[in-house]
Amino acid sequence: MKINLKKIFLLFFTINLTFSQQQNEMTLFRLAQSFERAGEYERALKIYEELYTNNPENRVYLESVVRLNTQTKNYDRAIKLAQSWLSTHPDDIDIMARIGDIHFKAGREKEAIESWDKIVKTYRNNPGIYRMVADYLIQNRLYDKAIEYLTTAQKISGSPDLYAFEIAMLYEFTMRFDKAVEEYIKLLQRTPSMIPSVKSRMSSYIDRPEVLKQILPTLESSAKSSKSNIGILDLYAWVLIEAKDYQRALEVQRQLDKITNANGEVILNFAHDLFNQGIFDISQKAYAQIIDDYPKSKILPDAKFGLLRSREEILKIQLQHSENKDTSIYHELRKLEEDYKNFSQEYAGTKYEAEALFRLGLMKLDIYFDLDEAQKLFEEVERKFMLYLGKEAIFKLAEISTLKGDLNSAREKYLYLLKLKNFSDTLKVKFLLSQLDYYEGNFNSALKTLEDVSKFTSSDYSNDAIELILKIQSNRFPNEENLKKFAISELKIKQRKFSEAIPLLEDIISTCRNCPISDDATFTLARIYSTLNKPDKAIEYIDLLLEENPESIYADDAMMEKGKIYQRTGKTELAIDTYVKLISKFPNSIFVNEARKRIRELRGEIQ
């Protein structure tokens, strides 16, 4: 076989030449793109035009010259190029739609609409064409026209939820949230599992009262007609929660629980959420509902405990707002204690017994300040449930030792915790150990530990550590005696031994009136007398602080406390006047927002 070397050489040369041309074109195209990105449109357009002239069948080059001619406002040239392309490619719908886009950008809206309408009429039975053209309308903010095209696409497709997300988005752009929700409902009617995506889309505006007012009637109507649609009911419940209509939300949650055969778990999750948000009156109802509706459910103990916890929190709030010791509240607290005891016996040996005993211990400690009874309960938790709430119980036992004045015992307990394997509250223990050193006047030891804690800025205890460091460093010189007195007074206050704290603080004020720690002592005395329900004495010390050191770091705090005392004792005008002065004198104070709110409450502007 004779090899034709001439033909082989010619073929090789042709391939090489073609490859070189392609490489050159690619280099030019990238250069044009670079010019375009830099905003040098004329230079980019010149290259694109050259490339397209040499390759009139290359659609990428066509798009580039049409785009750049539009960008440089050569609208007629852009349209002419697009029309020329369509003469040989009559089915290129995107280029057809692009012509409408160019007309609109040229300020010829009528021609643009006519161009787009012509496309959808030509392909009237193809929903995808409506969607493609609608994209150009959306880009040009012709939202109503885009909605018209997309809803037409829904009708001709026979699928009511087609493009529901897109239509809803357009309604949201035009502030017609009720119409947007109607689209989401169409979607959920067909696919209830889309509820997370729907919530995600609505979450950006669901907290606005005017939006809630628009969408709630639509959702209510839909929920009534779709009683078994999980997605719609879930969405309705979510919106009711956002509207703070928790009672109706509970009713919807009951429906959801029933149709999903959840045996109370849907209601339980709802109750837990309410409890965590501090909506205790409705969480109490939700837990009680589970007990009534599902007496044999495996979650019954959780519901019973949740009910007890809700009752406890409600009573604590009532106690906090009670001016005098309301005997009816204490009567209810005693009943709650009995119910906790019965609950612990009903579920003896389980985590529920541990939880009940721990709550009883907290009640004895925080409400009654019965240290001995609280200690017994926490010791029982430590002994019986070390692996569950044992560490938490030891923390409380250390606290009780501190309150009893046995700081050595408290220190031993904290050090024991540090030795436990996989212990996660190391920084908390270190801070509490530094507090013990502070109470005992061992300031160098306290500072060393506090410096270590303060390094962990992501910890909740870092700021507390920094605050105590500053207190020690600012007040230990010229001598430490007054700081030691102040530290002991703080311990006495913690132990509720106010009569022992007061003379220590008064001694600091009388012996070192110009010392920085005098402000701390003065404001602390004001708070003690406020706690002891001696408002006149409390205001006397607040005024002393504000008169002698109006620039004190406690000045805004003191004014806030003064306003609260006036408000609590029914001196409305004095309270308002104090809050107004606080806002005026300390506009950057952290108390400004609270002061404004209290002024509005006192004036009857808000409930």
Side-chain angles (χ1 to χ4, degrees), residues 391-392 395-396 398-399 401-403 407 410-411 413-415 417-418 423-495 501 504-505 508-509 512 514-528 531 542 545-546 549-561 582 585-595:
K391 295 171 189 174
E392 291 80 358
F395 267 118
K396 287 299 171 183
E399 181 184 343
S401 294
T402 303
L403 294 172
L407 303 192
R411 183 175 283 105
K413 288 177 172 58
Y414 289 136
L415 292 172
L417 286 171
L418 287 178
F423 183 66
S424 59
D425 284 324
T426 301
L427 292 176
K428 178 180 178 180
V429 169
K430 286 185 176 181
F431 177 74
L432 292 170
L433 283 169
S434 70
Q435 271 193 330
L436 296 181
D437 285 329
Y438 168 71
Y439 292 145
E440 292 180 320
N442 299 323
F443 301 127
N444 288 331
S445 179
L447 285 171
K448 185 178 178 180
T449 307
L450 290 166
E451 291 287 354
D452 185 30
V453 176
S454 67
K455 293 175 184 176
F456 296 87
T457 54
S458 61
S459 165
D460 293 339
Y461 294 94
S462 175
N463 287 338
D464 294 333
I466 293 169
E467 187 178 338
L468 188 50
I469 287 170
L470 291 173
K471 183 184 290 186
I472 294 171
Q473 291 178 339
S474 302
N475 296 304
R476 67 187 304 196
F477 301 108
N479 65 70
E480 296 181 345
E481 289 308 309
N482 283 315
L483 180 59
K484 287 181 178 179
K485 291 177 187 175
F486 188 77
I488 294 169
S489 76
E490 286 195 299
L491 177 60
K492 296 298 182 184
I493 292 168
K494 192 180 185 76
Q495 296 169 338
L504 289 168
L505 295 167
I508 293 170
I509 295 171
C512 197
N514 295 322
C515 296
I517 201 170
S518 178
D519 286 356
D520 296 77
T522 304
F523 188 49
T524 303
L525 274 169
R527 282 185 158 166
I528 288 175
T531 301
I542 289 174
L545 172 66
L546 295 174
N549 191 1
E551 303 304 318
S552 168
I553 60 170
Y554 297 109
D556 60 335
D557 204 339
M559 289 191 83
M560 190 69 200
E561 184 68 26
L582 166 62
K585 190 169 183 180
F586 304 101
N588 298 318
S589 169
I590 61 171
F591 300 109
V592 165
N593 287 337
E594 184 183 354

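Pairing each heavy atom of Ser489 with each of Ala501, the nearest pair is O-CB, 3.7 Å. Shortest non-hydrogen contact noted between Leu546 and Ala555 is CD2-O, 3.7 Å. When every heavy atom of Ser454 is checked against every heavy atom of Ala465, the shortest pair comes out as N-CB, 4.0 Å. Listed here is the closest heavy atom pair of Ser434 and Ala446: O-CB, 3.5 Å. For Phe423 against Lys391, the heavy-atom pair with the smallest separation is CD1-CD, 4.1 Å. Nearest approach of Val453 to Tyr461, heavy atoms of both residues: CG1-O, 3.8 Å.
For the pair Ser518 (side chain) and Asn514 (backbone), a donor-acceptor distance under 3.5 Å is absent.
Side-chain contact between Thr522 and Asn549: absent, with no pair of heavy atoms (C-beta onward) separated by less than 4.5 Å. Taking 4.5 Å as the limit, some side-chain heavy atom of Leu418 sits within range of a side-chain heavy atom of Leu433. Inter-residue side-chain proximity for Lys585 and Pro550 is flagged as met; some heavy-atom pair is nearer than 4.5 Å. Using a 4.5 Å heavy-atom cutoff, the side chains of Phe486 and Tyr438 are in contact. Using a 4.5 Å cut-off on side-chain heavy atoms (C-beta onward), Val592 and Asn588 make no contact. By the 4.5 Å heavy-atom criterion applied to side chains, Ile553 and Asp519 are not counted as neighbours. Side chains of Asp437 and Phe443 form no contact here, defined as non-hydrogen atoms less than 4.5 Å apart. Two residues are said to be in side-chain contact when any heavy atoms from C-beta on lie closer than 4.5 Å; Leu432 and Thr402 fail this criterion.
Contacts classified as salt bridge (charged side-chain N to carboxylate O under 4.0 Å, His left out) and involving residues 464-487 (residues at least two apart or in different chains) are given here: Lys471-Glu490, Arg476-Glu480, Lys485-Asp507.
If you take CG on Leu505 and CG on Leu525, they are separated by 4.5 Å, rounding to the nearest 0.5 Å. One distance of note links CG of Leu403 with CG of Leu491; it measures 8.0 Å at 0.5 Å rounding. Atom CZ of Phe477 is separated from atom CG of Leu483 by 10.0 Å, given to the nearest 0.5 angstrom. The distance from atom CD of Glu440 to atom CG of Leu407, rounded to the nearest 0.5 Å, is 5.0 Å. Taken from NZ in Lys455 to CG in Leu450, the straight-line distance is 12.0 Å, to the nearest 0.5 Å. Rounded to the nearest 0.5 angstrom, Thr426 OG1 and Tyr414 OH are separated by 14.0 Å.
Here Lys430 pairs with Asp452 under the salt bridge (Lys or Arg N to Asp or Glu O under 4.0 Å) rule; sequence neighbours left out. In this structure, Asn482 has no side chain to side chain donor-acceptor pair (under 3.5 Å) partners at least two apart in sequence or on a different chain. Scored by the side chain to side chain donor-acceptor pair (under 3.5 Å) test, Ser474 finds no partners at all (sequence neighbours excluded). Legend: residues meeting side chain to side chain donor-acceptor pair (under 3.5 Å) with Tyr554, ordered by chain and number and at least two apart, are Asp520. Partners of Lys413 under the salt bridge (Lys or Arg N to Asp or Glu O under 4.0 Å) rule, at least two apart in sequence or in another chain, do not exist in this structure.
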Exercise. Hey, mind stepping through Val429 and Phe395 against side chain to side chain contact (heavy atoms under 4.5 Å, CB included) and telling me if it holds?
Worked result: CA-CA 9 Å; Val429 169; Phe395 267 118; 3.6 Å; yes

Exercise. Passes side chain to side chain contact (heavy atoms under 4.5 Å, CB included), Tyr439 versus Ile488? Steps please.
Worked result: CA-CA 6 Å; Tyr439 292 145; Ile488 294 169; over 6 Å; no

Exercise. Does the side chain to side chain contact (heavy atoms under 4.5 Å, CB included) test come out yes or no for Leu417 and Asp425, once each step is laid out?
Worked result: CA-CA 9 Å; Leu417 286 171; Asp425 284 324; over 6 Å; no

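Within a 6.0 Å sphere centred on CG of Asp460, other residues, nucleotides and ligands contribute 12 heavy atoms or fewer.
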